[in-house]
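Notes to accompany the following structure.
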Amino acid sequence: MSQRSYSGTDIKTLFALSRNICAFTDVDSRRGCEERLTDPAWGRVKGQIAHIRGWLPGSARHDPDYESPHRYENLILLCPNHHVEIDELEPEKYTVEVLEEMKLRSEGKGTNAEWVPTADASRKLYRQALGELAIQRLRAQQANLESLQSRLVTELQVLPEAERLVFVLRYVEHFSRDEVAEVMDRPVASVSGVEKRARAKLRTALDLPPRFDFDSAFDFPEGELGSSFR
């Protein structure tokens, strides 16, 4: 299981060996960025820690078999613009091999810009790194949720009409069981049974855990999905 955060030692090593310069080199032009990442006089850190192998499923260059994505060997320092470029704009161009070569080339640069973080600066970098991890995690969760919602729509359409309607009214339109019973002109107990069958079928179809919380998992804008099934 991979560690959940960067170590202070890895952060210091990363900055020291990068000589405080963005590691990015354009694949086509072979021109380097050379942008400085921090300065004690700035009061902030511009550099961002990027993963060569993405640590979350769905992230750029994710390798599920790679054990230690947050270790120094898998990290590269970039300016914000080039971090976005390798992870979001052109991830297919900036492969693991390209980034590993980029990291080695960057750490071999000779420059007078070298700056090793002090204890206070290391703490600031550590907080920044944790913030980046949190953002990546939220992005992955959002992507996973959107994928799950898309699959849900597909699976709902193959449910029997009564099960589909009960599920949509309960979990998309947020009707109570009493309200659903009134709409469908059925006893509440009958609605509960139909709802239970619909949940069971969807759990199986979507490979969800037995106690999956349908109440909070599908946050569709009110009315958006329900109208598709009426």
Expected output: side-chain Arg164 to main-chain Leu159 donor-acceptor under 3.5 Å: yes

Electrostatic pair Glu97:Arg61 at N-O distance under 4.0 angstrom: no

Shortest non-hydrogen separation from His82 to Cys22 and the atoms involved: ND1-SG, 3.8 Å

Under 3.5 Å donor-acceptor, Gln157 side chain and Val153 backbone: yes

Closest non-hydrogen atom pair between Ala181 and Pro187, with its separation: CB-C, 4.2 Å

Side-chain donor or acceptor of Arg170 paired with backbone N/O of Phe175 under 3.5 Å: yes

Hydrophobic cluster membership, Val27 vs Leu78, 4.5 Å side-chain cutoff: yes

Shared hydrophobic cluster for Val188 and Val194 (ILVMFWY, side-chain gaps under 4.5 Å): no

CD1-NE2 distance between Ile86 and His51, expressed to the nearest 0.5 angstrom: 10.5 Å

Ala60 backbone acceptor or donor facing Asp87 side chain under 3.5 Å: no

Pairs flagged by ring pair (Phe, Tyr, Trp, His ring centres under 6.0 Å) wherever residues 84-103 is involved - sequence neighbours left out: Phe24-Tyr94

Crowding at NZ, Lys93 (>12 non-hydrogen neighbours, <6.0 Å): yes

Co-membership, hydrophobic cluster, residues Leu77 and Val84, 4.5 Å side-chain: no

Spacing of CD1 belonging to Ile21 relative to SG belonging to Cys79, to within rounding of 0.5 Å: 11.5 Å

Salt bridge Glu155-Arg151, side-chain N to carboxylate O under 4.0 Å: no

Heavy-atom pair of closest approach, residues Gln48 and His83: OE1-ND1, 2.8 Å

Step-by-step side-chain contact (heavy atoms from CB on, under 4.5 Å) determination, Glu73 to Lys103: CA-CA 9 Å; Glu73 293 79 7; Lys103 175 183 173 72; 5.5 Å; no

More than 12 heavy atoms from other groups under 6.0 Å of CD on Glu161: no

Ser106 (side chain) donor-acceptor with Met102 (main chain) under 3.5 angstrom: no

Residue pair Ser192 / Arg177: nearest heavy atoms and the distance that separates them: OG-CD, 3.3 Å

Least distance between heavy atoms, Leu75 atom then Arg71 atom: CG-O, 3.1 Å

Distance flag, aromatic centroids of Trp55 and His62, threshold under 6.0 Å: no

Which atom of Val191 lies closest to which atom of Val180, heavy atoms considered: CG1-CG1, 3.7 Å

